[in-house]
Amino acid sequence: MKSKQHRLPVRIIITAIILLLEIYLLFLTVTHFSEQRVWVYSAAEFISILTVFSIINKRGNSSYKIMWIIFILLVPLFGVVSYLLWGGGRVFPHIRRKLKKVNDKYKKFLPDDTKTLSRLNYEDMIHSRQAEFIRREAEVPVYDGTKSEFFAPCENLMPTLIDELKKAKKYIYLEFFILAEGSMWDEIFAVLKEKASQGVEIKIIFDDFGSIKTQSKNFVKTLCESGIEVSSFNPIVPSINIFMNNRDHRKIIIIDGETAFTGGFNIADEYINRIERFGYWMDSCIMLKGAAVTSFLYMFASMWEFTTGKHIDLESRISKRKYENDGFYMPYPDDPLDDKNPAAGVYLQILNNAQKYVYIATPYLILDSALSGALCLAAKSGVDVKIVTPAIPDKWYVHPVTQYYYSELLAAGVEIYEYTPGFIHSKIFLSDDSVATVGTINTDYRSLYLHFECGVWMCGTGSVKTIKENFEDILSVSEKIDPVLWNKRPLWQKFKQYILHLFAPFM
C-alpha cells in the first residue's frame, strides 16, 4: 500500500483530469449545441469551475479541499450548492464578529501565566513548547495550583459527579452536545432541581442537533419551571443557514468555579452502560479542581452570551481557591469561526515531540495528510505508536473509513487495536509518561474543523499515570490487527473502504 505522501499527489492528478474534462465538455456544449437546457448546463459547469478555482486558492486543509473539488466536478450544480451551504467552514462574517467580540470580553479575566510558563519551561523545556503553542493558538493560559482525577469507564464517574453537584453553593453550568432523557439525566436533574430551589444558579446549554431525538416535547419547559435557565445551541430550523453545519460538541460541567468536568461522555444512558447500543461503551472523563477551572468558565460564559445575548459576571464567579501543585494544566477551546486550529496542533505537537511512545484512543480515525504523516513519521523514528479504535462501530459508514487508514499506518510500524468489547468513545493522546490530552475532540474532519470543541492538555500530573493504566487495560481486551492478515482482507472490503474514504471530509 502506498504511503499517504504518495496518495495526495494522485488525488491532485485525478482532480486535474476531472477539471480538464469538465472544461472540455463545457467547450463542446457551447460550440455544438444551442438548446436552452444546454446553456443552463453550461452555466452550471462554468460556476462549478469558478468555485473549484476559488477552493484551490483558499487556505485550508488540502485533503478537505480536494474532496470538495472532486464532489463539485462530479455533480456540478448540486456540488456547488452544497459547498456554498456547508463547505470550507464558511460562516457569515457577522457571526464570526459576534463570537470574537464575546470571547474578547471574557478573555480579559483569564490570569497572567508568565511565571507558571517560566517554571514549566525550566522543568520541562520540550513540553513547554506545546504549552506555548496552545497559549498562542487558543489564547488560554497554563495553570498550576490544580489537581485532577481521571475516570474511565464513565459509570465510575457518576458517584463523584452527583456528590460534587450536591456540594454546589453558588452555581452549576452544563454544556453538552447530547442531553438525553433517561436514568442518567434523572439522577442529575433531581440534584439540579433541588439546588435551584435553594437559590443555586443553574444554566444549561445543549446542542439542538445532537439532542433533537432524545428529549420529550415539554423537556425545556420542565427545566424552566424548575428555575433552570436553558439555551439550545444553533436550533434546527427549516431555513438555508450555513451555520447549521457547525455544532457545539463540547461536554463541560462547572461547579462554583472550583470544579470542572470534561471528556467524551454526553448525558445519555449508553455513555454509562445503563443501556447497550454498540456492545460495551468505553468512555472517559477528567475532573479538575483549582485554578484551571477558570478557562472552562471562560468557555461557558462566552458560549452563553453568544447563544443568548445575556452577560455573565465572570469576575464574581471565578474561584480564588488553589490546590497543591500537581503538574501543569491547560483547558483549551477550539471553534470553527476563526482561522486557528489548536486541537489538531495539540495532537501534532504530541506526536512530533514524543521520544518513547504515543498511545491514542479515538472512535473515528479519519486522518488528514498532516496527522497521518506525523503518525507514520513517529513510528518510523522508533516511537511506539499504539492506536485503539472500536470493534463495534456506532456508524456503519464511518468505520470502513477508519479502517481505510490501517494499511498505511501498519506499514509504517504503527500498532492498531480494535476494542473487542464494543465501542470506544474516549479521545485520548498520551505520551512518554509525561503529557496527555483528554477531551471532546475526535480525529475526524468535523471535530477538527467544523465543531466547537474543548480539551485539557496536562503535563507532569498524577492523572497521566492513571490514563496510562486505563489504556493498558483497554489494550488487554482489544484485538491487535495483524498486518499480513489485514492485507489479505477481501477485495469487496477494500473497495468499500476506498469508496467511503472519498467522502471522509463530509463525515
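Just so you know, residue 1 is the first one in the sequence shown, and it goes up from there. Only heavy atoms go into these numbers, but all of them, side chains included; no hydrogens, no water, no symmetry mates.
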* Does the ring centre of H425 sit less than 6.0 Å away from the ring centre of F265? ->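 Ring centroids of F265 and H425 are no less than 6.0 Å from each other.
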* To do: Sequence neighbours left out, what passes side chain to side chain donor-acceptor pair (under 3.5 Å) with D432? Give chain and number order.
  =>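 Testing D432 for side chain to side chain donor-acceptor pair (under 3.5 Å), a comparison that skips the adjacent residues, returns none.
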What distance separates [X] [atom1] from [Y] [atom2], expressed to the nearest 0.5 Å?
{"X": "I416", "Y": "L409", "atom1": "CD1", "atom2": "CG", "value": "4.5 Å"}
{"X": "Y404", "Y": "I499", "atom1": "OH", "atom2": "CD1", "value": "10.5 Å"}
{"X": "S463", "Y": "D326", "atom1": "OG", "atom2": "CG", "value": "6.5 Å"}
{"X": "T116", "Y": "M330", "atom1": "OG1", "atom2": "CE", "value": "10.0 Å"}

Looking at [X] and [Y], what are the two nearest heavy atoms and their distance?
{"X": "G413", "Y": "A379", "value": "C-CB, 3.9 Å"}
{"X": "L110", "Y": "E139", "value": "CD1-O, 3.8 Å"}
{"X": "I254", "Y": "F296", "value": "CD1-O, 3.3 Å"}
{"X": "W457", "Y": "H127", "value": "CZ2-O, 3.5 Å"}
{"X": "Y419", "Y": "I474", "value": "CD1-CG2, 3.8 Å"}
{"X": "K494", "Y": "N487", "value": "NZ-O, 3.1 Å"}

* I72 and I69: side chain to side chain contact (heavy atoms under 4.5 Å, CB included), yes or no, with the steps? -> CA-CA 5 Å; I72 289 169; I69 289 170; 5.9 Å; no
* **Positive for side chain to side chain donor-acceptor pair (under 3.5 Å) with T440, one of K427, R250, H451, E453** =>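 Considering K427, R250, H451, E453, a side chain to side chain donor-acceptor pair (under 3.5 Å) with T440 is found only for E453.
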Hey, does [Y] have a side-chain heavy atom less than 4.5 Å from the side chain of [X]?
{"X": "L161", "Y": "F151", "value": "no"}
{"X": "F278", "Y": "P390", "value": "no"}
{"X": "I387", "Y": "L375", "value": "yes"}
{"X": "P336", "Y": "F452", "value": "yes"}
{"X": "R119", "Y": "N325", "value": "yes"}
{"X": "F176", "Y": "I253", "value": "yes"}

* Sequence neighbours left out, what passes salt bridge (charged side-chain N to carboxylate O under 4.0 Å, His left out) with E415? Give chain and number order. =>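 Scan of E415 (salt bridge (charged side-chain N to carboxylate O under 4.0 Å, His left out), adjacent residues dropped) gives K386, K480.
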* Pairing of E132 and R135 as salt bridge, 4.0 angstrom limit ->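 Yes, E132 and R135 are salt-bridged.
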* Are the charged groups of D433 and K468 less than 4.0 angstrom apart, N to O? ->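 Between K468 and D433 there is a salt bridge, with a charged N closer than 4.0 Å to a carboxylate O.
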Just checking, any donor-acceptor pair under 3.5 angstrom between side chains of [X] and [Y]?
{"X": "Y143", "Y": "T294", "result": "no"}
{"X": "Y347", "Y": "T443", "result": "no"}
{"X": "Y406", "Y": "T389", "result": "yes"}
{"X": "R489", "Y": "Q403", "result": "no"}
{"X": "D283", "Y": "Y271", "result": "no"}

* Quick one: sort the F423 and W281 rings into parallel, tilted or perpendicular, breaks at 30° and 60°. =>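 Aromatic pair F423/W281 classed perpendicular.
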Does [Y] offer a backbone N or O that forms a donor-acceptor pair with the side chain of [X] under 3.5 Å?
{"X": "T259", "Y": "K289", "answer": "no"}
{"X": "Y405", "Y": "L367", "answer": "yes"}
{"X": "E137", "Y": "N341", "answer": "yes"}
{"X": "N442", "Y": "Y364", "answer": "no"}

* To do: Carefully, step by step, assess S434 and V464 under the rule side chain to side chain contact (heavy atoms under 4.5 Å, CB included).
  => CA-CA 7 Å; S434 300; V464 171; 5.9 Å; no
